[in-house]
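Residue numbers begin at 1 in each chain, while the letters A, B, ... track the order of the sequences.
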Amino acid sequence: MSHSNESLLLIDGHSLAYRAFHALPVENFSTSTGQTTNAIYGFISMLINVLRDEAPSHVAVAFDLGRQTFRLEEYADYKAGRAKTPPEFHPQIDLIKDIVTAMGIRVVTKEGFEADDALATMSRLGTEAGAEVEVMSGDKDSFQLATDTVTILYPKRGVSDLNRMTPEAIEEKYGVTPANYRGLAALVGEKADNLPGVPGVGDKTAAKWLTAHGDLPGVLEHAEEIGGKVGEKLRDHIAEVERNYRLNRLLDDVDLGLSFDDLAWGEGDPTELSSLFDQLEFQALGRRLAAIFPDAAESEAETAPARETRIETVDVDGLLEKISAHDVLAVDSDARFELGHGEARVLAVSAEPGQAWVVDLAEAAASAIAALGSAFAQRSLILHSAKLQIKAWDSIGLKVRDIGGDTALAAYLLVPDARSYELGQIAADRAGIDLSEPEADSGQLALELDSDATSTTHGQRAAALLEVHEVLAQAVDDANMTEVYRAIELPLVPVLAMMELRGIAVDESGLSELIEEFTKQAEASAQEAYDAIGHEVNLGSPKQLQTVLFDELDMPKTKRTKTGYTTDADALAELFVKTEHPFLQHLQAYRDSTKLKQTVVGLLKTVADDGRIHTTYQQTVAATGRLSSLDPNLQNIPVRTESGRRIREIFIADPEVKGGCLLTADYSQIEMRIMAHLSGDAALIQAFKDGEDLHSYVGSKVFGVGIDEVDSEMRSKVKAMSYGLVYGLSAYGLSRQLAIGVDEAKALMEQYFERFGAVKDYLDEIVEQARAKGYTETIMGRRRYLPALHSDRRQLRDMAERAALNAPIQGSAADIMKLAMLKVAGRLEDLESPMLLQVHDEIIVDVRPDELDEVSAIVTEEMGSAYELDVPLDVNVGTGISWHAAAH
DNA sequence: GCTACAGCCA
DNA sequence: ACGTGGCTGTAGCT
């Protein structure tokens with residue numbers, strides 16, 4: 001009997017349920033009767049996805065049965081030291097087994113063996129029957145099973161993404177064949193199973209040895225010839241390695257009493273399945289299941305009408321013709337962008353809900369792509385995460401400079417502190433569209449269905465976009481955020497895209513020199529630290545440092561953390577005052593240098609082929625409305641210390657332009673100005689209008705002295721106080737920061753509020769209003785919802801109150817900066833000087849030599865007039881060859 | 001792969 | 001418990 005068209009899916013139930021249990025928060029998953037369901041939900045969700053994607057003919061889920069395995073018999077400490085499984089976990093396993101069985105899938109367990117052994121055995125059965133086999137397991141030991149016909153599906157992170165580990169993928173990642181993976185694991189060891197390997201040997205070393213000597217027995221035979229410290233360690237640990245090698249072999253000849261045919265995916269029991277899902281209160285999951293298992297969720301049929309998406313594959317000319325009559329288009333693609341270079345192949349366009357055209361951009365001529373760009377330019381484009389799309393398309397010549405809507409941005413404005421803004425989630429939540437669902441009968445409806453799953457995916461996304469955006473745009477309008485959306489966030493997208501595409505030039509050899517220098521400093525400090533205590537210790541390990549400080553040196557205990565006592569910089573400084581132990585200074589010096597080194601190493605890794613660093617701005621991350629920057633983060637480049645500032649010297653003006661320079665322009669005290677404006681405090685407003693030194697002015701009022709009599713100590717107290725207010729600082733916090741008594745801090749705050757009474761009224765009012773309305777608002781009407789203001793948990797409520805104090809101020813500053821960037825970008829369009837970076841209250845422009853005066857004037861004018869407050873907006877401008885030199 | 005800690009920025 | 005908003009690296013654990 002031939003099974004050549006058959007495929008077998010094997011799943012390690014225990015390891016994946018365990019992952020799901022930890023990936024999904026327990027508190028969000030329980031039924032009205034108190035049954036915890038996070039592991040069930042996560043596992044079944046994952047199962048549905050993989051069944052949908054792989055469509056296997058045969059399936060089995062294996063579970064461990066009890067703890068007593070042959071491995072435990074050989075090695076009493078096998079898997080010892082594992083944290084005890086929380087009590088909520090095991091009851092869920094039984095329910096998972098029930099559901100799996102009701103789905104017509106074989107559940108396999110075998111006393112005395114682990115799930116992995118059952119998987120190995122069934123994998124052999126499948127292979128012998130000529131089937132394609134896929135093994136889904138969270139245990140890396142399964143890698144040894146990979147062959148040309150056996151692929152391991154290994155969960156990437158959480159439970160949603162799977163890595164397809166083919167023999168090639170395993171070789172690429174670990175440098176060894178699947179057959180040798182066992183040997184590699186034996187050498188490196190497995191912490192989760194309490195199987196220590198050879199100390200100091202990681203994947204790289206193990207792979208080197210295995211390659212040199214063929215396999216693990218070969219390595220052990222030639223152990224004598226392996227030099228260095230690691231060779232010695234290997235010889236010292238041969239017994240452990242041999243033990244690991246015996247224990248991590250998966251047995252493929254366990255007597256399961258099953259044949260391949262017994263694993264066929266059967267009909268199951270739809271009635272039972274429905275009842276289980278009802279009992280567990282799974283609704284969305286029931287609908288997703290219905291897609292692959294039509295009988296299972298009949299009752300849900302009317303709440304989730306089957307959606308039809310007509311997807312048609314066309315070439316660019318065909319697409320141009322199709323879209324000619326449409327003004328609004330939804331577009332999605334498989335956009336990617338890394339290290340300054342983007343890619344996109346599959347482009348899906350939709351002009352009405354439920355319909356999409358898909359083109360393969362890789363097969364399109366440059367002229368066709370240019371024509372597509374022109375057609376797009378005349379239409380309003382609705383996208384999801386438009387900036388990524390624009391950047392990826394730019395790399396292949398498809399230039400888009402304007403967008404009509406972005407579902408991610410709209411969803412962000414509506415819920416600015418959501419965990420993610422994935423289209424699937426938004427579509428399901430806002431428009432009841434389930435994008436994870438495959439098409440019912442799509443084969444009949446599609447005129448020319450592309451077999452490639454990617455084109456279906458992007459086609460369905462594009463087809464859903466118009467409807468999803470419609471709903472979101474209405475909600476944005478209902479929340480009075482249309483201006484923020486259409487006049488700020490949307491037009492900012494192409495501006496940011498251009499900044500990211502351009503990137504900032506760096507001096508690579510300068511970076512390398514800094515690494516060398518900081519490394520030397522770190523090594524010297526580490527040595528001095530070791531000398532001070534008489535032995536070596538991992539200075540990067542807070543845990544080991546605690547042993548040194550509090551056990552060996554018997555220093556007084558610092559502030560508690562969850563896992564012990566803090567060793568942070570403030571605590572080290574305090575300890576030094578008390579003990580004067582030199583170790584503390586060397587440790588701090590070590591930390592300073594390694595931190596700088598890491599920063600520079602991180603930067604060097606991100607330099608693209610064009611010698612420039614292209615950061616990515618996140619427009620939907622900060623709950624207040626700020627941008628954030630990542631890969632690398634260019635918004636936290638050191639500036640406070642002299643050595644830190646040297647890192648800013650390597651960010652330079654475009655070296656291709658002779659005589660150019662960088663220009664930095666920043667707002668001075670923008671948050672305090674916004675506080676003055678929003679509170680309407682007459683004294684504070686007057687201070688800004690008079691152009692007084694703010695902190696000296698406030699100091700003179702608070703301490704009742706002349707402005708010239710405010711000494712530096714008074715000034716710094718008041719400065720800390722002013723900034724602290726914006727963040728909801730307490731008297732206790734102020735006392736800690738200024739190292740003064742709580743009473744003194746309290747008195748200081750009272751004095752402050754006596755002089756600036758409107759500020760206090762305003763701060764009180766913000767919280768009160770937020771409590772009543774449920775959200776705070778910025779000057780542009782950007783909202784932040786704070787339901788925790790009503791929490792009965794004190795700590796959560798306090799945090800929400802501080803967030804409420806800060807959000808309108810930080811958020812209004814973000815609004816103003818975004819408005820300024822739009823104006824500056826608009827006026828720089830006709831010049832050759834591009835804007836490169838934004839760091840919250842600062843922008844950096846690469847200035848062509850003949851444009852310096854004009855750019856300087858533009859930036860000052862536009863930033864200064866971006867938004868009219870009751871106080872002036874002061875802008876400082878500086879220029880220089882590097883970011884450091886341009887500081888002022 | 002996750003959390004905790006530490007530390008950099010506005 | 002005690003100041004907001006971010007990102008990244010290492011250690012130590014699953």
Side-chain angles (χ1 to χ4, degrees), chain A residues 15 18-19 21-23 79 81-83 85 138-140 154-159 161 190-194 416-417 538-546 559-564 566-572 588 591-592 594-599 601-603 605 615-616 618 621-641 644 647 666-667 669-671 720-721 723-737 742 745 784 793-799 801-811 813-814 817 838-842:
Chain A
S15 79
Y18 197 70
R19 277 204 179 208
F21 180 78
H22 287 290
K79 294 194 176 177
R82 280 198 175 180
T85 316
D139 190 336
K140 287 185 180 168
Y154 185 76
K156 239 184 244 176
R157 53 179 319 205
V159 291
D161 243 21
E190 179 60 73
K191 240 185 187 134
D193 292 340
N194 195 34
D417 55 0
N538 184 345
L539 298 173
S541 164
K543 202 177 154 198
Q544 295 184 34
L545 288 175
Q546 285 171 42
K559 208 174 69 178
R560 276 220 67 110
T561 66
K562 279 184 189 169
T563 53
T566 184
T567 66
D568 68 18
D570 282 351
L572 293 188
Q588 194 52 54
R591 279 198 179 150
D592 292 344
T594 45
K595 176 73 185 176
L596 293 172
K597 183 190 127 195
Q598 281 161 8
T599 304
V601 168
L603 287 174
K605 278 188 202 148
T615 186
T616 302
Q618 297 289 105
V621 163
T624 52
R626 272 192 182 178
L627 298 176
S628 76
S629 152
L630 55 79
D631 200 23
N633 183 357
L634 293 186
Q635 290 179 324
N636 72 342
I637 301 303
V639 69
R640 283 174 213 203
T641 65
I647 299 179
D666 66 4
Y667 282 120
Q669 293 153 342
I670 187 165
E671 293 193 339
M721 172 97 205
Y723 278 104
L725 284 181
V726 177
Y727 304 136
L729 187 66
S730 66
Y732 176 85
L734 185 64
S735 75
R736 295 272 327 196
Q737 196 195 314
V742 179
R784 177 171 184 187
R793 286 168 58 184
R794 169 73 179 275
Q795 196 187 344
L796 290 184
R797 212 171 54 235
D798 286 352
M799 282 170 64
E801 283 183 10
R802 293 192 293 270
L805 287 178
N806 176 252
I809 299 169
Q810 190 184 113
M817 180 48 109
Q838 186 252 43
V839 190
H840 307 305
D841 66 0
E842 169 185 17

Query raised in the report: Should A/Thr594 be listed as having a side-chain N or O under 4.0 Å from OP1 or OP2 of C/dT10?
Result: no
Query raised in the report: How long is the line joining CG of A/Leu805 and P of C/dC2, in whole Å?
Result: 16 Å
Query raised in the report: A/Asp841 has an atom CG; how far is it from atom C1' of B/dC9, in whole Å?
Result: 10 Å
Query - pair A/Asp798-A/Arg802: side-chain heavy atoms closer than 4.5 Å - result: yes
Query raised in the report: Which dot-bracket string describes DNA chain C (Watson-Crick N1-N3 plus N6-O4 or O6-N4, or G-U N1-O2 and O6-N3, all under 3.5 Å; [ ] crossing; | other strand)?
Result: ...||||||||||.
Query raised in the report: Nearest 0.5 Å, what's the CD-CG distance between A/Gln588 and A/Asp568?
Result: 9.0 Å
Query raised in the report: Does A/Thr563 put a side-chain nitrogen or oxygen below 4.0 Å from OP1 or OP2 of B/dC5?
Result: yes
**Report entry** Pairwise C1' distance, B/dT3 and C/dC2 [rounded to whole Å]
**Finding:** 23 Å
Query raised in the report: Do A/Leu603 and A/Leu634 come within less than 4.5 Å of each other through their side chains, counting heavy atoms only?
Result: yes
Query raised in the report: Across the strands shown, which category fits A/Ala569 at heavy-atom distances under 4.0 angstrom: base, sugar-phosphate, nothing?
Result: sugar-phosphate
Report task. Rounded off to whole Å, could you give me the CD-to-C1' distance for the A/Gln588 and B/dA6 pair? Result -> 10 Å
Query raised in the report: How close or far is atom C1' of C/dC2 from atom CD of A/Glu801, stated in whole angstroms?
Result: 13 Å
Report task. Provide, to the nearest angstrom, the distance between the CD atom belonging to A/Gln546 and the C1' atom belonging to B/dA4. Result -> 11 Å
**Report entry** Sugar-phosphate only, base, or nothing, as touched by A/Thr599 at under 4.0 Å among non-hydrogen atoms
**Finding:** nothing
Query - 4.5 Å side-chain heavy-atom contact, A/Ile647 and A/Thr599 - result: yes
Requested in this report: Under 4.0 Å between any heavy atoms, over every strand shown, what does A/Arg591 touch: base, sugar-phosphate, or nothing? Just pick one.
Outcome: sugar-phosphate
Report task. Starting at atom CG of A/Leu545, determine the distance to atom P of C/dG12, rounded to an integer number of angstrom. Result -> 10 Å
Query raised in the report: A/Gln544 CD to B/dC5 C1': how many Å, rounded?
Result: 14 Å
Query raised in the report: Tell me, for nucleotides 3-8 of chain C in 5' to 3' order, what letter each nucleotide earns: B for a base near a protein heavy atom under 4.0 Å, S for only sugar-phosphate near one, - for neither?
Result: BBBBBS
Query raised in the report: OP1 or OP2 of C/dC13 less than 4.0 angstrom from a side-chain nitrogen or oxygen of A/Lys543, does that happen here?
Result: yes
Report task. From the options A/Leu539, A/Leu596, A/Thr567, select the one residue that forms a side-chain contact (heavy atoms from CB on, under 4.5 Å) with A/Arg591. Result -> A/Thr567
Requested in this report: Figure out the CD/P separation between A/Gln669 and B/dA10, and round it to whole Å.
Outcome: 14 Å
**Report entry** A/Arg560 atom CZ, over 12 foreign heavy atoms within 6.0 Å
**Finding:** yes
Query raised in the report: Hey, does A/Thr563 have a side-chain heavy atom less than 4.5 Å from the side chain of A/Lys543?
Result: no
Requested in this report: Name the closest nucleotide to the A/Asp568 side chain, picking from C/dC13, B/dC5, B/dG7.
Outcome: B/dG7
Query raised in the report: Just how far is it from atom CD1 of A/Ile809 to atom CD1 of A/Ile670, taken to the nearest 0.5 Å?
Result: 12.0 Å
Query - Gap in Å between the two C1' atoms, one belonging to B/dC2 and one to C/dG3, rounded - result: 28 Å
**Report entry** Those residues that, when tested against A/Tyr723, pass ring-ring contact (aromatic ring centres under 6.0 Å, His included) (two or more places apart)
**Finding:** A/His695
Query raised in the report: Are side-chain heavy atoms of A/Leu734 and A/Met721 found at a separation under 4.5 Å?
Result: yes
